[in-house]
Amino acid sequence: MPVFRPGTRVRLGNAWETVSHIILRRQELLVHLVGREGAFDPSRIQLEPTVFYTRRCPEKRAVLPAAARPA
């Protein structure tokens, strides 16, 4: 199931929109978009593709100054 949060970019038809807020009402999810009237069914909305790596990328570690290093 897609994750909708305020600020998430979504595609509605041919236009990119931004999620304003989400409402759960009577076991139904409704998504409100910035600058649009009314709520939309999540099945009509596509999420912006996410960026991910297909290979391992180690995280960079912070280097401590010489005075802060343990002896």
Side-chain angles (χ1 to χ4, degrees):
M1 174 161 205
V3 179
F4 296 103
R5 293 186 185 125
T8 301
R9 295 204 15 109
V10 295
R11 188 173 189 113
L12 178 64
N14 292 329
W16 286 102
E17 305 284 345
T18 304
V19 174
S20 172
H21 59 280
I22 290 84
I23 294 179
L24 288 172
R25 181 173 39 185
R26 296 183 187 163
Q27 300 178 355
E28 183 179 28
L29 179 67
L30 299 172
V31 180
H32 287 264
L33 302 175
V34 174
R36 295 253 186 168
E37 293 292 323
F40 293 90
D41 188 296
S43 63
R44 294 180 52 200
I45 300 173
Q46 297 175 348
L47 283 174
E48 180 178 41
T50 56
V51 177
F52 62 93
Y53 295 103
T54 57
R55 60 185 166 172
R56 188 174 188 178
C57 295
E59 294 180 16
K60 295 180 181 178
R61 295 184 183 186
V63 178
L64 294 175
R69 291 185 188 152

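What you see below is based on every heavy atom in this structure, not just the backbone, and it leaves out hydrogens, waters and symmetry mates.
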>> Using side-chain heavy atoms (C-beta onward) and a distance below 4.5 Å, is V10 in contact with T18?
In response: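 No; the side chains remain at least 4.5 Å from each other.
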>> Show me the pairs that pass salt bridge (Lys or Arg N to Asp or Glu O under 4.0 Å) and involve residues 12-23, at least two apart or across chains.
In response: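 Passing the test, one end in residues 12-23: E17-R36.
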If hydrophobic clusters are built by linking Ile, Leu, Val, Met, Phe, Trp and Tyr wherever their side-chain heavy atoms come under 4.5 Å apart, do [X] and [Y] end up in the same one?
| X | Y | value |
| --- | --- | --- |
| L24 | L33 | yes |
| W16 | F4 | no |
| V34 | L30 | no |

> OG1 of T8 to CD1 of I22: how many Å apart, nearest 0.5 Å?
Replying inline: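 The distance works out to 7.0 Å.
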Measure across [X] and [Y] and return the closest heavy-atom pair with its distance rounded to 0.1 Å.
| X | Y | answer |
| --- | --- | --- |
| P6 | S20 | CB-O, 3.5 Å |
| L12 | F40 | CD2-CE2, 3.5 Å |
| H32 | A39 | NE2-CB, 3.5 Å |

>> Please enumerate all residues that pass side chain to side chain donor-acceptor pair (under 3.5 Å) together with D41, with sequence neighbours excluded.
In response: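 Expected list: S43.
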